[in-house]
Structures are given as structure tokens and as C-alpha cells.
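Quick note: residue numbers are just sequence positions, from 1.
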Amino acid sequence: MKKIFGAVCLLGLLSGCTTTGVFGGVDDSLVGQIPSSEMGEVYSAMDRLDLAEEELKLAELRTSRAERQEQLAEHEEELAENRVEHREIEVEIAKLEALEAQNLGDPAKNVKALNDYRADKLKNETERFGLEAEVKKTRHLIEDLDLRIAEQERMIRNVRKFKAAESSSEMDEGGTPEPVETDLGNEMPSDDASGMQSTGDEVDLPDYLQVEEDPDATPVKPDHPEDINESGLAE
């Protein structure tokens, strides 16, 4: 992909196209004179630029979504206020109808007030239809932005994976160091180090393994008389 993109860029340079860019740009007529074999770092930098531009598009989409979400919150608040007003009007209409049914109050004033509230109710309903349409429209816009954001994120992930695989392939072509074999036998502890080798010396046993002396047993007479005193067997 990098080589193809680089070739396209080189053709654009050779055709006399110029790129001004943010910083004014470099003279592409001179860049076009660079051998393709020496343009590797240029192509890599242009690939990184492409990725940065795609990440900018993603950031712009997220900003647009945040703005739409804010608009949705405002519309939903206006719709909630409209519904409260609708219920308030219904309460006043119910009161006037109850007064009229009981022949209470000034009939002319009651009729006029009742007509005014009914007109307010109709106006309120018209406004509610418009607000509900705005809420529905904004929700659809947010859903569309969610799809576009997901697609942009997927595209950026794929580009990064492709570049990582390409970099790995280039390293393999250049030769990778052979893995160093480790002599595991040298790392194994010796018998001496582990204390498992028998030395022939007397071993101190734990108390529960020691055999107690039988006081009734006949002591063994030492072979050398000089050891009698030391063994406590002198007659």
C-alpha cells in the first residue's frame, strides 16, 4: 500500500502539481527529482499525515455528535415543558366546565375563558407536534453520526493494523535475529546446591523421628577401656 501510494504521489510530483500545505510546502519540482528508492521516509511521513487527517475527521464527527446531543437535550426539555403546559390548560378547562355545569360564576365570562383556554390548548398541541418532530429528527441524525463514527474508527484500526503488519514484514525481509537458545541444563541446581547429595555425615533428625533409649536395655560394653568413664558404664 505504501509503495503504491508513494508511486501515485511521485507521479503527482512529476506532473508539476504543487502542495502548499500549512507551512507553505516544499518545492515539489525539486522533490520530484529525488530517486524513488530514496523516497521511503517521505512516503512514510505522507502515510502518517493521511492517518492524522483521518483521525481529525473522527474528532470532527465526535464533535458534531456532541453538538447534536446537546440539541436533543434542549428539544426534549422544551417538549417536557410543553406537556406540562398542556396539562395545566386541561386543569383550567376542567374547572371552567365544572363551574358551567353547576351554573356558578358569570356565564359569559366562563364561556369566554373556556374558549380562550381551548384556543391555548390547540396552540400548545401544534407546538408539541413541531417539537416531537425535532426530537425525532435529531435522534436520527445522532444515529447516523454513530454509524459514521463507528465506520471511521474501524477504518483507522484497519490502517494501523496494516501499517503494523507492513512494518513487521519489512523487518523480516531485512533479517531478524535468531532466537538465542538457553541451555536449561546449566540453570538446573546441582545436587550440592540443593542439599540432596548424601555426604555420609550424621544427620540431625527432628524430635518426632528420634528413637528414645530403652532404660531397661543392657548397655553395650565399649571396646576400649578408656572409653568406660566417658560412657558412664564403669562397674
Side-chain angles (χ1 to χ4, degrees), residues 1-2 4-5 8-9 12 17-25 44-167:
M1 178 179 179
K2 182 188 296 182
I4 296 174
F5 177 75
V8 173
C9 293
C17 298
T18 58
T19 304
T20 56
V22 179
F23 304 103
S44 297
M46 296 176 77
D47 286 346
R48 292 193 294 270
L49 172 60
D50 287 342
L51 180 58
E53 289 175 343
E54 295 301 330
E55 290 173 340
L56 174 60
K57 291 179 183 178
L58 177 60
E60 291 172 346
L61 287 172
R62 288 173 173 169
T63 299
S64 297
R65 189 196 185 286
E67 293 173 352
R68 293 297 184 183
Q69 188 66 46
E70 185 177 355
Q71 291 177 358
L72 177 61
E74 293 176 355
H75 292 325
E76 288 178 336
E77 182 180 0
E78 291 172 354
L79 180 59
E81 291 174 350
N82 174 275
R83 287 171 176 166
V84 170
E85 182 181 90
H86 176 78
R87 299 307 180 190
E88 290 175 345
I89 293 173
E90 285 184 335
V91 169
E92 296 303 317
I93 290 176
K95 290 178 180 178
L96 288 170
E97 288 177 345
L99 291 176
E100 191 176 46
Q102 297 296 321
N103 295 320
L104 298 174
D106 188 339
K109 291 182 178 180
N110 289 343
V111 170
K112 183 178 182 305
L114 187 59
N115 291 334
D116 289 341
Y117 277 119
R118 287 172 176 169
D120 291 340
K121 182 180 179 181
L122 181 61
K123 180 181 177 182
N124 173 273
E125 291 175 348
T126 302
E127 291 176 353
R128 185 170 71 256
F129 294 150
L131 290 171
E132 289 175 344
E134 286 296 328
V135 168
K136 185 175 181 181
K137 175 184 175 181
T138 307
R139 285 177 177 171
H140 284 320
L141 290 173
I142 292 174
E143 291 173 358
D144 178 68
L145 284 169
D146 286 338
L147 294 175
R148 293 171 63 187
I149 288 172
E151 181 63 27
Q152 188 71 8
E153 290 175 339
R154 189 180 304 108
M155 189 270 291
I156 290 174
R157 285 196 302 270
N158 291 337
V159 170
R160 287 175 176 169
K161 289 180 181 178
F162 179 83
K163 292 184 182 298
E166 188 178 55
S167 300

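Atom CD of E92 is separated from atom NZ of K121 by 13.0 Å, given to the nearest 0.5 angstrom. Note that the CZ atom of R87 and the CG atom of N124 stand 9.5 Å from one another [nearest 0.5 Å]. To the nearest 0.5 Å, atoms CG (L99) and NZ (K109) are separated by 13.0 Å. Distance check: L61 CG to K57 NZ gives 9.5 Å after rounding to the nearest 0.5 Å. With values rounded to the nearest 0.5 angstrom, L56 atom CG is found 9.5 Å from Q152 atom CD. The structure places OG1 of T138 at 9.5 Å from CD of Q69, a figure rounded to the nearest 0.5 Å.
Counting heavy atoms of neighbouring residues, nucleotides and ligands inside a 6.0 Å radius, atom CD of E55 exceeds 12 of them.
Comment: E151 does not engage R148 in a salt bridge, judged by the lack of any side-chain N to carboxylate O separation of less than 4.0 angstrom. Salt-bridge check for E132 with R83: passed, with a basic side-chain N closer than 4.0 Å to an acidic carboxylate O. A salt bridge is defined here as a Lys NZ or Arg NE, NH1 or NH2 lying under 4.0 Å from an Asp or Glu carboxylate O, and R128 with E85 fails to meet this definition. Ion pairing between E97 and R118 holds under the 4.0 Å rule for side-chain N and carboxylate O.
Nearest heavy atom pair, residue Y117 against residue I89, reads O-CG2, 3.3 Å. Smallest separation of non-hydrogen atoms from L96 and N110: CD2-OD1, 4.1 Å.
For N115 (side chain) and V111 (main-chain N/O), a donor-acceptor pair under 3.5 Å exists by modelled atom type.
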Going through the distances and angles, do R157 and R160 end up as a side-chain contact (heavy atoms from CB on, under 4.5 Å)? CA-CA 5 Å; R157 285 196 302 270; R160 287 175 176 169; 5.7 Å; no
Take L79 and H75 through the side-chain contact (heavy atoms from CB on, under 4.5 Å) test and state the conclusion after the steps. CA-CA 6 Å; L79 180 59; H75 292 325; over 6 Å; no
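If you check the side chains of H86 and E90, you find a donor sitting under 3.5 Å from an acceptor.
In this structure, the side chains of E143 and L147 stay at 4.5 Å or more apart for every pair of heavy atoms. When side chains are defined from C-beta on, Q71 counts as touching R68, because their heavy atoms get closer than 4.5 Å.
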